[in-house]
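This report concerns only the one structure given below.
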Number of protein chains: 2
Amino acid sequence: MSQAEENYLKAIYTLQTEFGKSLSTNIIAAKIDTKASSVTDMLKKLSLKKLVIYKKYQGAHLTKKGNDLAIKVIRKHRLWETFLVNKLDFNWNEVHDIAEQLEHIKSDVLMAKLDAFLGHPKQDPHGTPIPNREGVFPEIENDYLSNIPTDTLCILVGVKNSSDVFLNYLNSKNIALNSTIKVLSVEPFDKSMLVEINNKQLLITGEVAINLQVIKQ
Amino acid sequence: MSQAEENYLKAIYTLQTEFGKSLSTNIIAAKIDTKASSVTDMLKKLSLKKLVIYKKYQGAHLTKKGNDLAIKVIRKHRLWETFLVNKLDFNWNEVHDIAEQLEHIKSDVLMAKLDAFLGHPKQDPHGTPIPNREGVFPEIENDYLSNIPTDTLCILVGVKNSSDVFLNYLNSKNIALNSTIKVLSVEPFDKSMLVEINNKQLLITGEVAINLQVIKQ
DNA sequence: TTTTATTTTTAGATATGTCTAAAAATTATT
DNA sequence: AATAATTTTTAGACATATCTAAAAATAAAA
């Protein structure tokens, strides 16, 4: 498996959870940031390897084998991200590019040992679930700050939206993983809320609140 | 810089410390396990990038720039090996192939943070010095078991020979990093010695003793 | 110092992964 | 249903990195 092939599998996997079964060449091209003709070439190759089902002009989707491999790459990506944030003290928004490289390192033993070293985490630093060695995603009941009643103490465990702009916003407000958060009041009109984060008061929009994943203390 | 280019630089660097200035195409080919014609192709490319000095039929050697890059790759390799052994609990002989992959990960910040996380180690688990961020190798006074007087307590900090056969030998005898070693007696005829390792007596050859790097307690 | 042997380079081929531009198929519109 | 617009595929090219086989240069031997 080459890195390019792994990247295609990962992209197709992600797009399938978003758009369902069959994916057009153009959608994959947009995701990978490449040309449609390149996607066609790769789909033919992945099809020969029985990793995707591909019919000309009809789009493609993953086979069981392709799905398993995609999940394996995703598992590696998320374990490495967890390592970078929890052990090496990276910020959330700095780890993605490095994890994109690390996810292609080939060694099952390494991943098993890294997993153990991290304490078999169920979620990465963005709060996204990490599939186990068998490819099964853990059940996680997600509470978002938007659904938490006032005056309940919470801890930030992840974000739903992990885009750069959002993570930069959080950094600029000193909102970090494990921050303690309490909702002080909610504005019924626009769901904006006054919250106390790390003992400081702050006004956040409803859009921010629905993206903050928390657990009640 | 591609992985292939980095591997060539590393190989040329290692060969230069062994054979001195100019290296023949065939020697490099043997080291990389490739064909002479491939080496010629790559030397031309590296020469264009000012990483090696190469003259047709006259061999090649690294420029300052090539040397610096080679040392950087070596630093990454040794830091990752240290991580694998010290943090992930790998054995010495299991880490080389994985470190060969990890050494190509591109991120200066990552290496700085990993270095700090490991406590700025001066030697990798084989006892080989790790160059610092400026590419300077630390001065290490190496004591080998062959030079240690009897009844002096030592700790194993590295090996001079890190071949698979030797590391497997050590594993089979339960000789590991940080083992305590005491020389009980030396046979003047062949320098073989009776030693106490982890409170067990063991007879080792002189050849083994000169490859065990220790520090006196 | 020729001849022979070895080393090194070149020329041309292959595999991967990408691209552009044109052709073919599909989908949308009138 | 025929035409137009869009999407997808093909054909051919390019870059990287490798290889084999032949040619050229260097080194060794007679």
Side-chain angles (χ1 to χ4, degrees), chain A residues 1-13 15-16 18-62 66 69-70 73 100-101 103-106, chain B residues 1-13 15-16 18-62 66 69-70 73 100-101 103-106:
Chain A
M1 285 282 294
S2 72
Q3 295 199 183
E5 287 171 327
E6 288 187 343
N7 286 334
Y8 272 89
L9 292 182
K10 204 177 55 155
I12 295 170
Y13 178 91
L15 290 169
Q16 271 185 207
E18 199 176 338
F19 297 108
K21 237 198 158 198
S22 211
L23 297 166
S24 74
T25 307
N26 258 359
I27 284 185
I28 299 172
K31 181 84 179 179
I32 311 249
D33 193 29
T34 185
K35 296 292 144 110
S37 56
S38 307
V39 174
T40 302
D41 290 345
M42 183 57 92
L43 288 179
K44 283 182 187 170
K45 193 198 295 186
L46 294 176
S47 180
L48 273 175
K49 294 194 176 186
K50 311 274 185 206
L51 298 172
V52 303
I53 306 291
Y54 163 66
K55 287 206 193 87
K56 272 190 195 178
Y57 297 101
Q58 305 301 299
H61 64 273
L62 295 172
L69 280 172
V73 177
E100 287 285 299
Q101 297 181 61
E103 73 189 6
H104 300 296
I105 300 292
K106 277 157 191 50
Chain B
M1 283 281 297
S2 71
Q3 296 198 184
E5 288 171 327
E6 288 187 342
N7 286 335
Y8 272 89
L9 292 182
K10 203 177 57 154
I12 296 169
Y13 178 91
L15 290 169
Q16 271 185 208
E18 198 176 340
F19 298 108
K21 240 199 159 203
S22 210
L23 297 165
S24 74
T25 308
N26 258 359
I27 285 185
I28 299 171
K31 181 85 179 178
I32 310 248
D33 193 30
T34 186
K35 296 292 145 105
S37 56
S38 306
V39 174
T40 302
D41 289 347
M42 184 57 92
L43 289 180
K44 282 182 188 170
K45 193 197 296 183
L46 294 175
S47 179
L48 272 175
K49 293 193 177 186
K50 311 275 186 207
L51 298 172
V52 304
I53 305 292
Y54 164 67
K55 285 207 194 88
K56 271 192 194 177
Y57 297 102
Q58 305 300 299
H61 65 274
L62 296 172
L69 279 172
V73 177
E100 287 284 301
Q101 297 180 63
E103 73 188 6
H104 300 296
I105 301 292
K106 277 159 191 50

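Quick caveat, the model's predicted, so the values are computed rather than measured. Values below: every heavy atom of this structure, side chains too, minus hydrogens, waters and symmetry copies.
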Check your understanding: Is there a side chain to side chain contact (heavy atoms under 4.5 Å, CB included) between B/Ile32 and B/Val39 once you walk through the steps?
Key -> CA-CA 9 Å; B/Ile32 310 248; B/Val39 174; 5.6 Å; no
Review point. Run the side chain to side chain contact (heavy atoms under 4.5 Å, CB included) check on A/Leu9 and A/Met1 step by step: do they pass?
Key: CA-CA 10 Å; A/Leu9 292 182; A/Met1 285 282 294; 3.5 Å; yes
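Taken from NZ in A/Lys21 to CD1 in A/Ile53, the straight-line distance is 8.0 Å, to the nearest 0.5 Å. A distance of 6.0 Å separates NZ in A/Lys10 from NE2 in A/His104, rounded to the nearest 0.5 Å.
Straight-line distance from the CG atom of B/Asp33 to the C1' atom of D/dC19: 13 Å, rounded to whole Å. Remark: P of C/dT16 and CG of A/Leu46 are 12 Å apart, rounded to the nearest angstrom. To the nearest angstrom, P of C/dA25 lies 17 Å from NZ of A/Lys55. The OH-P distance, from B/Tyr8 to D/dT18, rounds to 5 Å in whole Å. Rounded to an integer number of Å, the gap from A/Gln3 CD to D/dT16 P is 17 Å. If you take NZ of A/Lys35 and P of C/dT20, they are 4 Å apart, rounded to a whole angstrom. With rounding to whole Å, A/Ile32 atom CD1 is found 8 Å from C/dT18 atom P. In this structure, the CD1 atom of B/Ile28 is 12 Å from the C1' atom of C/dT8, given to the nearest Å.
The backbone N or O of B/Leu62 lies less than 3.5 Å from a partner atom in the side chain of B/Gln16, making a donor-acceptor pair. A donor-acceptor pair is defined here as one N or O able to donate and one able to accept, closer than 3.5 Å; such a pair exists between the side chain of B/Gln101 and the backbone of A/Lys106. In this structure, the side chain of A/Thr40 does not engage the main chain of A/Thr25 through any donor-acceptor pair within 3.5 Å.
Counting non-hydrogen atoms of neighbouring residues, nucleotides and ligands closer than 6.0 angstrom, the NZ atom of A/Lys50 reaches no more than 12 such neighbours.
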Distances under 3.5 Å only, N/O to N/O: pair up the protein atoms with those of nucleotides 24-29 of chain D.
residue, atom, partner, partner atom, Å
D/dA25, O4', B/Tyr57, OH, 3.4

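Distances shown here put every side-chain N or O of A/Tyr54 at or beyond 4.0 Å from the OP1 or OP2 atom of D/dT8. Residue B/Asn26 has a polar side-chain atom (N or O) positioned under 4.0 Å from OP1 or OP2 of C/dT8.
Listed by residue number, B/Ala36, B/Ser37, B/Thr40, B/Lys44 are the residues of residues 36-44 of chain B with a heavy-atom contact under 4.0 Å to DNA chain C.
For the pairing with B/Tyr8, the side-chain contact (heavy atoms from CB on, under 4.5 Å) check across B/Val52, B/Thr34, B/Leu51 returns one residue only, B/Thr34.
Residue A/Thr25 has its side chain nearest to D/dT8 when only C/dT8, C/dT20, D/dT8 are considered.
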